[in-house]
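Treat the numbers as computed from the prediction; the structure is a model and nothing was measured.
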Amino acid sequence: MAVSGAYTENGIASLVKRKDVVAMKALYDRYSGYLAAVCARYVDDEDDRKDILQDCFIKIFTSLDKFEYRGEGSLKAWMSRVVVNESLRFLKKNTSNSIIDYEGELPDVVDEPDVEGIPDDVLNDLILSLPPGYRMVLNLYVFEQKSHKEIGRMLNIGESSSASQFSRAKALLAKRIKEYKRRMDK
């Protein structure tokens, strides 16, 4: 079960299923940072992220019997889906109108946001500054690699609404990146 003194993914999952407390701590220590970063792509408030992550680990520990090991990386992917789903559930519950139209002027044709030279933490902050609906669709499409049809089902919106939200998110993100780069050039 151990690889270089650490649990293998399948080994740690098996032990956690048996309620092994040491394995639970090892799983938490190994994945909490990564899962916090996944949550941070969706939820901007740090206290909310901590609450969501705590709920996620409770769900992970109590639902691990539903997890089916499919090779290295499958546990991490399964836990990421738990975090994404819980983050979306939180946003739907706590955002009055999560799918919105942006009031500002956005171009009809959107260039890809030029992220070259933008530090990861700044890019994350720029994504977090997007309206919640835009942020959800952008993250699901780019990071979770969901189709607009899948996103529509997840968020209870039409496929075309998902595509529109994504286009608007890219346009707004591109605009904010350009503004950031202009400020940095001064």
Side-chain angles (χ1 to χ4, degrees), residues 27-57 59-60 73 75-148 150-152 154-155 157 161-186:
L27 183 132
Y28 178 85
D29 290 345
R30 181 184 294 180
Y31 295 106
S32 62
Y34 173 78
L35 296 175
V38 170
C39 186
R41 290 197 312 249
Y42 294 89
V43 179
D44 58 352
D45 183 78
E46 187 175 348
D47 290 333
D48 290 337
R49 287 193 305 257
K50 287 177 182 177
D51 290 344
I52 292 166
L53 203 57
Q54 179 179 350
D55 291 344
C56 288
F57 271 103
K59 185 170 249 178
I60 288 165
L75 177 62
K76 185 177 183 180
W78 179 78
M79 291 188 303
S80 294
R81 280 193 305 280
V82 169
V83 172
V84 168
N85 290 336
E86 289 301 309
S87 297
L88 293 175
R89 186 172 292 119
F90 171 84
L91 288 170
K92 286 181 201 175
K93 180 180 170 187
N94 294 291
T95 305
S96 60
N97 187 11
S98 62
I99 304 299
I100 57 141
D101 285 325
Y102 183 70
E103 301 296 324
E105 289 296 315
L106 297 175
D108 291 332
V109 178
V110 179
D111 293 327
E112 290 296 316
D114 180 16
V115 298
E116 187 175 326
I118 304 285
D120 288 344
D121 60 328
V122 171
L123 182 58
N124 191 54
D125 288 345
L126 291 172
I127 291 171
L128 280 174
S129 75
L130 296 173
Y134 291 5
R135 187 171 61 237
M136 284 189 284
V137 172
L138 179 93
N139 282 314
L140 288 168
Y141 190 84
V142 173
F143 296 105
E144 310 306 326
Q145 300 177 342
K146 301 290 184 190
S147 69
H148 289 298
E150 292 171 307
I151 295 169
M154 291 174 80
L155 301 179
I157 61 174
S161 292
S162 173
S164 172
Q165 292 289 300
F166 178 68
S167 178
R168 290 174 176 274
K170 278 193 341 183
L172 186 53
L173 184 59
K175 180 180 175 184
R176 290 184 177 171
I177 287 172
K178 285 178 184 173
E179 290 168 357
Y180 170 81
K181 285 184 173 184
R182 262 195 304 273
R183 285 192 313 271
M184 293 298 106
D185 288 340
K186 289 182 179 181

Backbone N or O of Ser147 within a donor-acceptor pair of the Glu150 side chain at under 3.5 Å?
yes
For Lys76, what residues pass the salt bridge (charged side-chain N to carboxylate O under 4.0 Å, His left out) criterion, not counting sequence neighbours?
none
Residues forming a ring-ring contact (aromatic ring centres under 6.0 Å, His included) with Phe90, sequence neighbours excluded:
none
SG/Cys56 to CD1/Ile52 distance, rounded to the nearest 0.5 angstrom?
7.0 Å
Scan for side-chain hydrogen bond (donor to acceptor under 3.5 Å, both in side chains) pairs involving residues 116-131, sequence neighbours excluded, and state none if there are none.
Ser129-Arg176
Set of side chain to side chain donor-acceptor pair (under 3.5 Å) partners for Ser32, sequence neighbours left out
none
Under the salt bridge (charged side-chain N to carboxylate O under 4.0 Å, His left out) test, which residues partner Asp29, sequence neighbours left out?
Lys25
If I compare all heavy atoms of Arg168 with all of Tyr134, which pair ends up nearest, and what's the gap?
CD-OH, 3.4 Å
Min side-chain heavy-atom separation Leu155-Ser161 under 4.5 Å
no
Would you compute the distance between atom CD1 of Ile177 and atom NZ of Lys175 and round it to the nearest 0.5 angstrom?
13.5 Å
If you round to the nearest 0.5 Å, how far is CE of Met154 from NZ of Lys146?
5.5 Å
If you round to the nearest 0.5 Å, how far is CG of Leu128 from CZ of Arg135?
5.5 Å
In chain order, what residues pass the side-chain contact (heavy atoms from CB on, under 4.5 Å) check against Asp51, with sequence neighbours excluded?
none
Are any of the side-chain heavy atoms of Leu75 and Tyr31 separated by less than 4.5 Å?
yes
For Ser87 and Val83, indicate whether the former's side chain and the latter's backbone hold a donor-acceptor pair under 3.5 Å.
yes
Inter- and intrachain pairs under salt bridge (Lys or Arg N to Asp or Glu O under 4.0 Å), touching residues 30-42, at least two apart
Arg41-Glu144
Set of side chain to side chain donor-acceptor pair (under 3.5 Å) partners for Lys50, sequence neighbours left out:
none
Gly133 and Gln165: which non-hydrogen atoms are nearest, and at how many Å?
C-OE1, 3.8 Å
Can you list everything that forms a side-chain contact (heavy atoms from CB on, under 4.5 Å) with Phe166? Sequence neighbours excluded, please.
Val137, Leu138, Tyr141, Val142, His148, Lys170
Roughly how far, to the nearest 0.5 Å, is OG of Ser167 from CG of Leu172?
11.0 Å
For Arg49, the salt bridge (charged side-chain N to carboxylate O under 4.0 Å, His left out) test, sequence neighbours excluded, returns none
List the residues meeting side-chain contact (heavy atoms from CB on, under 4.5 Å) with Val122, not counting sequence neighbours, and say none if there are none.
Ile118, Pro119, Leu126, Tyr180
To the nearest 0.5 Å, what is the distance between CG on Leu91 and OH on Tyr42?
9.5 Å
Could you walk me through whether Tyr28 and Ile60 pass the side chain to side chain contact (heavy atoms under 4.5 Å, CB included) check?
CA-CA 10 Å; Tyr28 178 85; Ile60 288 165; over 6 Å; no
Could you check whether any side-chain heavy atom of Val84 comes within less than 4.5 Å of a side-chain heavy atom of Leu140, counting everything from C-beta outward?
yes
In chain order, what residues pass the side-chain contact (heavy atoms from CB on, under 4.5 Å) check against Gln54, with sequence neighbours excluded?
Ile58
Just so I know, are the side chains of Ile151 and Met136 near enough to count as touching, which here means a heavy-atom distance under 4.5 Å?
no
